[in-house]
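Let me begin by presenting the structure, written as structure tokens, before commenting on it.
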Amino acid sequence: MCCNCCSVRAQKIWVFTLGSLTLVLGIFLVAGWPSLSRRWILEMLPLAPDSFMYKRWVATPMQLYSSFYLFNWTNPEDLNTEGVKPNFEQLGPYTFSDYKVKEDLEWEQPKVTYYGRRTWHFVPDKSNGSLEDVVVTPDFPAVTASFFSRKYRRVMRKVMNFALNREGGSTFIRQTAREWLFEGYYNELLDFVEQLHSPLLPVPSGNFGWFYERNQSKTAEGNFTIHTGRGDLSRMGDLLLWKGQNHTGYYSGECGKVNGSTGELWSPDRQWDRPTSIFMPDLGRFLNLYTNENVTIDGIDAWRYVSTELTLDNGQLSADTKCFCVGKRECPLNGVLDFSPATYNGPFYMSHPHFHMTDGIYRENTTGLQPNALEHSMYVIMEPTLGAPVKLRGQLMISVRVVRDEAIDFFKDVAYDHYAPLFSLVLHGEMDDNLKGLVRLALNVPRIGQYTGIALLLIGLIMVAVGVYLTRTHKWHNKQKPEPIDKVKVEDKNVNTT
């Protein structure tokens, strides 16, 4: 625009109009932008086939790793030796990348049902050891058979003892790490039980591995039905059904209810005094983590949720968790969970690695375990406004109870009843830089708008002030300054005289 062509009136209109509009826009950004932008961001969170969150949820949004630690029984020959306790050496980690893709999605807003196909790949650079490492463990199939037979009469126990002696029972098993984890190995005793086709012992195969036939399996964990957040963001990510049911059947009452998040999607606007719950399909139960401290990771202010003594409580600390005790079985002490419902009612138990946060009785008859709070606790670091997990480390250990059993030849002379650690699994990961950048941007959008509003307020005020000043001083471009009144009167007098 050519300023020389503008009249004073046009200049005033432009300056005062632009200044006023800038002021109004600045006031809006300062006062209304934070709540408006927050609403826009929250509207992007619910899951839908074409939503912003979908691509960041349908496949693992961060690089996850599964690290396995196997416990090697170094002195199996001394099982019956008084004065020599079983010693267990931790081997590993054997680390695998852990990638999950949701498949067979069925949308029924506000719910979606899906299967998760998980794929593991061994990562030597993040591992300590080879998959060819030999690992010795107690013969837990034989231990389970011995445990299972105790509820029967003596004649049946003799039959079980005969079967164990004839069908490959032993006191220990020696296999490679590869076989223990995913490849599996042939077990003569399991094959014998499988061929019985007994509903009391529904063994699916004569081969065994902790994660046998699970790599790249879609159905191993069952299907999940979660809340998408549509209509109620406070429920986004909540698990509604597992395998089509709202109760696992593993534990009674509230303890068996399907509850919590699958760990991949959490609701926004977290509350400090409320724990976060994670459902573990392999365990058939949920675990509660509790807020512990405020942390900052790469410019993101977050809350750290950690496992506490309440996480694996069996009613000793909170009456609400008493239902995790299994009927007609001795309830473990705090920190140890009876894992039998998920293991054909065998004498298996779950805890933090190395029996961290448990009673010392679980370690007193073994050597080699060294619990450490920093290494063996669980945590999730989460940005509370968006419910975005920034970093996580979940870990649990599975053990088997070995006791003297005078009716079974393999175990009639056991020197020390003990809990033998078998393996621990650590799932860990951290949000990548791109996702962290998106989180920082989403959190800073309200602040950016406010700062922009303040800048516009200042610009608008300056424009209006300049306009007022130019008006009062008559300094608009092309405006002639009026002559003083005294000078005008003198000129009029001179004209009249003439």
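On a predicted model such as this, the values are computed, not experimentally measured, just so you know.
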Task: Validation row: Tyr419, Arg363 side chains within 4.5 angstrom (heavy atoms) - done: no
Open item on the list: When you compare the side chain of Asp338 with that of Phe324, does any pair of heavy atoms fall below 4.5 Å?
Closed with: no
Task: Pair Asn288, Ser277: side-chain N/O donor-acceptor within cut-off below 3.5 Å - done: yes
Open item on the list: On a heavy-atom basis, which atom in Thr95 and which in Lys126 lie closest, and how many Å separate them?
Closed with: OG1-O, 2.9 Å
Open item on the list: Keeping Asn72 on the side-chain end and Thr74 on the backbone end, is there a donor-acceptor pair under 3.5 Å?
Closed with: no
Open item on the list: Counting neighbours of OH on Tyr115 that are heavy atoms of other residues, nucleotides or ligands and sit closer than 6.0 Å, is the number greater than 12?
Closed with: no
TODO: Could you tell me whether Trp120 and Phe182 have their ring centroids closer than 6.0 angstrom?
DONE: yes
Open item on the list: On a heavy-atom basis, which atom in Val403 and which in Arg150 lie closest, and how many Å separate them?
Closed with: CG2-NH2, 2.8 Å
Open item on the list: Just verifying a value: how many Å separate Leu91 CG and Asn128 CG, rounded to the nearest 0.5 Å?
Closed with: 9.0 Å
Open item on the list: For a 4.5 angstrom cut-off between non-hydrogen side-chain atoms, does Asn187 reach Pro141?
Closed with: yes
Open item on the list: Can you confirm whether Thr228 sits close enough to Gln109 that some side-chain heavy atom of one is under 4.5 Å from a side-chain heavy atom of the other?
Closed with: yes
Open item on the list: Does Lys85, at its NZ atom, have more than 12 non-hydrogen atoms belonging to other residues, nucleotides or ligands within less than 6.0 Å?
Closed with: yes
Task: Pair Asp298 + Lys391, salt bridge at N-O below 4.0 Å - done: no
Task: Lys218 bridged to Asp104 by N-O distance under 4.0 Å - done: yes
Task: Non-hydrogen side-chain atoms of Leu70 and Tyr94 separated by less than 4.5 Å - done: yes
Open item on the list: Using a 6.0 Å distance limit plus a 45 degree cone around the ring axis, check whether Arg304 lies over the aromatic ring of Tyr379.
Closed with: yes
Task: Exceeds 12 heavy-atom contacts within 6.0 angstrom, atom CZ of Phe162 - done: no
TODO: Would you mind checking if Asp417 and Arg404 are paired as a salt bridge, meaning a charged N to carboxylate O distance below 4.0 Å?
DONE: no
- [ ] Please say whether more than 12 non-hydrogen atoms of neighbouring residues, nucleotides or ligands are located less than 6.0 Å from NZ in Lys257.
- [x] no
Open item on the list: Minimum heavy-atom separation for Leu312 and Ser351, please, with both atom names.
Closed with: CD1-CA, 3.8 Å
- [ ] Measure centre to centre between the rings of His376 and His352, then say whether the value is under 6.0 Å.
- [x] no
- [ ] For the pair Lys436 and Glu430, find out whether any cationic side-chain nitrogen is under 4.0 Å from an anionic carboxylate oxygen.
- [x] yes
Task: Lys111 vs Leu240, side-chain contact (heavy atoms from CB on, under 4.5 Å): CA-CA, chis, key distance, verdict - done: CA-CA 8 Å; Lys111 298 183 293 184; Leu240 305 177; 3.5 Å; yes
TODO: Examine Phe68 together with Phe96 and report whether their ring centres are nearer than 6.0 Å.
DONE: yes
Task: Side chain to side chain, Arg178 and Glu132, heavy atoms closer than 4.5 Å - done: yes
Open item on the list: Could you check whether Phe140 and Phe208 have their ring centres less than 6.0 Å apart?
Closed with: yes
Open item on the list: If the threshold is 4.0 Å, N to carboxylate O, is there a salt bridge linking Glu383 and Arg270?
Closed with: no
- [ ] Report yes or no: do Thr113 and Asn223 form a side-chain donor-acceptor pair below 3.5 Å?
- [x] no
Open item on the list: Within the 4.5 Å heavy-atom criterion, are Leu369 and Gln90 side-chain neighbours or not?
Closed with: no
TODO: Determine, using ring centers only, whether Phe286 and Trp242 are less than 6.0 Å apart.
DONE: no
- [ ] May I ask you to decide whether Glu221 forms a salt bridge with Arg214, counting only side-chain N to carboxylate O separations under 4.0 Å?
- [x] yes
Task: Residues Asp405 and Lys412 bridged, charged N to O under 4.0 Å - done: no
Open item on the list: Check this for me: Arg174, atom CZ, are more than 12 non-hydrogen atoms of other residues, nucleotides or ligands nearer than 6.0 Å?
Closed with: no
TODO: Output yes when a side-chain donor or acceptor of His418 lies under 3.5 Å from a complementary backbone atom of Tyr416, and no otherwise.
DONE: yes
Task: Neighbour count >12 (heavy atoms, 6.0 Å) for atom CG, Leu317 - done: yes
Open item on the list: Contact between Thr308 and Tyr290 at the side-chain level, heavy atoms closer than 4.5 Å - yes or no?
Closed with: yes
Open item on the list: Centre-to-centre under 6.0 Å for Phe88 and Phe71, is that the case here?
Closed with: no
